[in-house]
Amino acid sequence: MDDSTKNKQEALDKRYIRMASIWAENSYCKRRQVGALIVKDKMIISDGYNGTPAGFENICEDENNVTKPYVLHAEANAITKIARSNNSSNGATMYVTASPCIECSKLIIQAGIKRVVYSEKYRLEDGIELLKRAGIEVVFVEVER
């Protein structure tokens with residue numbers, strides 16, 4: 001990749017990760033709001049944010065401020081939306097505001113996503129390691145606030 005192409009890709013990555021950050025604001029979760037976009041051929045084909053399943057109350061934490069076990073991660077929401085559409089995530093890029101956990105990384109691999117761009121590191125890196133092991137390109141991008 002030449003410098004011009006590389007710079008264009010970096011600019012695109014920063015733009016989409018900012019959009020994922022804005023999308024995270026839709027989350028009702030108080031402890032942490034995470035947003036994800038799936039992009040293919042410069043088109044957003046799916047989006048997601050962390051929250052409860054459809055039809056559940058929009059409260060992510062219990063009375064002790066612990067995340068409820070059935071809260072879906074942003075990546076899982078974005079991937080399952082694709083399953084209900086006519087789109088395919090095969091070969092796509094996922095932009096997610098937090099590094100994926102191991103469970104979401106398994107979904108990303110199975111969904112055929114080839115590139116993951118994230119902007120916030122998590123204390124556990126097992127998800128990132130699994131993505132790399134699967135040959136998925138993983139890119140960390142800092143968001144200018």
Side-chain angles (χ1 to χ4, degrees), residues 1 3-62 65-132 134 136-145:
M1 195 183 301
D3 282 349
S4 172
T5 308
K6 191 175 179 220
N7 289 343
K8 281 181 186 171
Q9 186 61 57
E10 283 175 13
L12 215 50
D13 286 348
K14 286 182 179 185
R15 192 171 310 132
Y16 281 123
I17 207 76
R18 283 195 313 269
M19 290 168 75
S21 301
I22 291 166
W23 199 244
E25 295 172 16
N26 288 315
S27 173
Y28 287 91
C29 297
K30 291 186 178 97
R31 289 181 63 220
R32 186 175 218 199
Q33 294 180 313
V34 180
L37 298 176
I38 298 176
V39 176
K40 190 172 178 180
D41 302 322
K42 293 185 181 171
M43 285 189 341
I44 297 169
I45 59 169
S46 191
D47 54 58
Y49 50 86
N50 56 327
T52 55
F56 282 66
E57 76 291 341
N58 287 322
I59 301 168
C60 298
E61 296 84 9
D62 64 18
N65 201 33
V66 174
T67 301
K68 293 177 180 177
Y70 52 85
V71 167
L72 286 156
H73 289 185
E75 303 94 319
N77 265 326
I79 289 169
T80 54
K81 263 190 191 178
I82 291 229
R84 292 171 52 171
S85 76
N86 293 329
N87 283 319
S88 168
S89 53
N90 204 40
T93 297
M94 175 175 278
Y95 292 89
V96 61
T97 56
S99 62
C101 70
I102 191 121
E103 293 301 318
C104 287
S105 291
K106 290 189 269 186
L107 292 175
I108 290 166
I109 293 164
Q110 291 300 95
I113 292 167
K114 293 295 173 214
R115 197 164 171 269
V116 174
V117 179
Y118 70 101
S119 61
E120 187 183 310
K121 293 183 179 173
Y122 187 60
R123 59 184 168 80
L124 299 175
E125 294 208 358
D126 51 353
I128 295 292
E129 294 309 313
L130 186 66
L131 292 173
K132 288 178 181 173
I136 294 171
E137 182 186 351
V138 180
V139 179
F140 173 75
V141 171
E142 286 204 54
V143 180
E144 294 95 27
R145 301 205 185 267

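These numbers come from the heavy atoms of this one structure, side chains and all, not from hydrogens, waters or symmetry mates.
Atom CG of Leu130 and atom SG of Cys104 lie 11.5 Å apart (nearest 0.5 Å). In this structure, CD1 in Ile108 is found 5.0 Å from CG in Leu131, a value given to the nearest 0.5 Å. In this structure, OG1 on Thr52 lies 9.0 Å from OH on Tyr28, to the nearest 0.5 angstrom. Annotation: the span from Tyr95 atom OH to Ile44 atom CD1 amounts to 10.0 Å, rounded to 0.5 Å. Interatomic distance, Glu125 CD to Lys132 NZ, rounded to the nearest 0.5 Å: 7.0 Å. Between Asp13 atom CG and Thr93 atom OG1 the span is 7.5 Å, to the nearest 0.5 Å.
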query = Does the side chain to side chain contact (heavy atoms under 4.5 Å, CB included) test come out yes or no for Met94 and Ile136, once each step is laid out?
reply = CA-CA 11 Å; Met94 175 175 278; Ile136 294 171; over 6 Å; no

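With a 6.0 Å radius and a threshold of 12 heavy atoms from other residues, nucleotides or ligands, Glu142 has its CD atom at or below the threshold. Around CD of Gln110, the count of heavy atoms belonging to other residues, nucleotides or ligands within 6.0 Å does not exceed 12. Enclosure of atom NZ in Lys68 by more than 12 non-hydrogen atoms of other residues, nucleotides or ligands within 6.0 angstrom is indicated.
Although no hydrogens or angles enter the test, the distance criterion places no donor-acceptor pair under 3.5 Å between the side chain of Asn50 and the main chain of Ser27. A side-chain donor-acceptor contact under 3.5 Å links Asn77 to the backbone of Tyr49. No donor-acceptor pair closer than 3.5 Å links the side chain of Ser89 to the backbone N or O of Ile113.
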